[in-house]
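The structure under discussion appears below in the form of structure tokens.
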Amino acid sequence: MNRPEPPLAAGEAETLVGFLEYHRATFAWKCAGLDAAGLAATVGASTMTLGGMLKHLAYYEDHWFSRRMQGNKRHPQWAGLNPEEVWVVRETPDALHAVWEAAVARSRTQLTETLANGGLDQPARRSLPDGEIPSVRWIVLHMIEEYARHNGHADLIRESIDGSVGE
């Protein structure tokens, strides 16, 4: 797997984006090449699947980078769904990968635009339900944490499917 390594000596924004891209690539690696049964596999008592994670992470890419950071309306794909409903998988493996890849592509564009127009210190354009307003820095770090946490889940699930292990 050829993942982009975060820069060892760069500015804050480049380092944070580097780690986000690293974790996105790790997640893509864990989900690559699996059929519907592989994407539906679970580990232990958990009902979490790689297919569900593809949708969950796509939802939160749009939620944090488009809806919160840029203040856009919810992406039409997620209209009327609550965050728990995105875990239900009815799509084909190709469709699941396409949903996630499209959300990541939108997020990359939105983050690049936002960083160019004010950097990490600027506040998000949409507040949280409690009225608090996170900074762009907080959103990027939150998404790094989201991917890092789910990459741990993905490691376990993928190993249970075909023995594939690695970073």
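Starting from 1, each residue takes its place in the sequence as its number.
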**Request:** Output, in order, the C-alpha distance, side-chain angles, deciding distance and verdict of side-chain contact (heavy atoms from CB on, under 4.5 Å) for N82 and E85.
**Result:** CA-CA 5 Å; N82 70 49; E85 291 174 301; 3.5 Å; yes

Closest approach of [X] and [Y], non-hydrogen atoms and distance?
X	Y	value
F65	V140	CE2-CG2, 4.2 Å
I157	V43	CA-CG2, 3.5 Å
L16	L120	CD1-CD1, 3.7 Å
P93	A36	CG-N, 3.3 Å
P4	A25	CD-CB, 3.6 Å

Identify each donor-acceptor pair in which a side-chain atom of residues 124-133 lies under 3.5 Å from a protein atom, sequence neighbours left out, and give them as a table.
residue, atom, partner, partner atom, Å
R126, NE, R67, O, 3.1
R126, NH2, G71, O, 3.1
R126, NH2, N72, O, 2.9
D130, OD1, E132, N, 2.9

**Prompt:** Under the side-chain contact (heavy atoms from CB on, under 4.5 Å) criterion, do Q110 and W64 qualify, and how do the steps go?
**Reply:** CA-CA 10 Å; Q110 292 160 341; W64 286 107; over 6 Å; no

**Message:** Run the side-chain contact (heavy atoms from CB on, under 4.5 Å) test against Q122 and tell me which residues pass, sequence neighbours left out.
**Reply:**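 Listed in chain order: T114, V136.
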
**Asked** Transitively linked via ILVMFWY side-chain contacts under 4.5 Å: V88 with L50?
**Response**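 Different clusters.
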
**Request:** Find out if a path of hydrophobic residues (ILVMFWY) with successive side-chain heavy-atom gaps under 4.5 Å connects W29 to L96.
**Result:**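 Cluster IDs for W29 and L96 differ.
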
Just verifying a value: how many Å separate [X] [atom1] and [Y] [atom2], rounded to the nearest 0.5 Å?
X	Y	atom1	atom2	value
L141	S135	CG	OG	8.0 Å
L34	H97	CG	NE2	6.5 Å
E159	K30	CD	NZ	8.5 Å
L39	L54	CG	CG	6.0 Å
E61	H56	CD	NE2	10.5 Å
F27	R158	CZ	CZ	11.5 Å

**Message:** Taking the side chain as everything from C-beta on, heavy atoms only, tell me whether M48 gets closer than 4.5 Å to W87.
**Reply:**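 In contact.
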
**Prompt:** Is any side-chain heavy atom of E91 closer than 4.5 Å to a side-chain heavy atom of V99?
**Reply:**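 No, too far: nothing below the 4.5 Å cut-off.
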
**Prompt:** Going by distance alone, is a donor N or O of one side chain under 3.5 Å from an acceptor N or O of the other, for E21 and Y147?
**Reply:**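 E21 vs Y147: no donor-acceptor pair found between side chains.
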
**Asked** When the ring planes of Y22 and F19 are compared, do they come out parallel, tilted or perpendicular, using 30° and 60° as the limits?
**Response**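 Geometry flag for F19 against Y22: perpendicular rings.
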
**Request:** Evaluate the side-chain contact (heavy atoms from CB on, under 4.5 Å) criterion for residues R24 and R108: first the C-alpha distance (whole Å), next the side-chain angles of each, then the deciding distance (0.1 Å), finally the verdict.
**Result:** CA-CA 11 Å; R24 285 173 173 159; R108 283 183 180 128; 3.5 Å; yes

**Item:** Check: H63 ring centroid to Y60 ring centroid under 6.0 Å
**Value:**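 Yes: the rings meet the under 6.0 Å criterion.
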
**Asked** Could you go step by step and tell me if R74 and D62 meet the salt bridge (charged side-chain N to carboxylate O under 4.0 Å, His left out) rule?
**Response** CA-CA 8 Å; R74 189 172 306 282; D62 281 328; over 6 Å; no

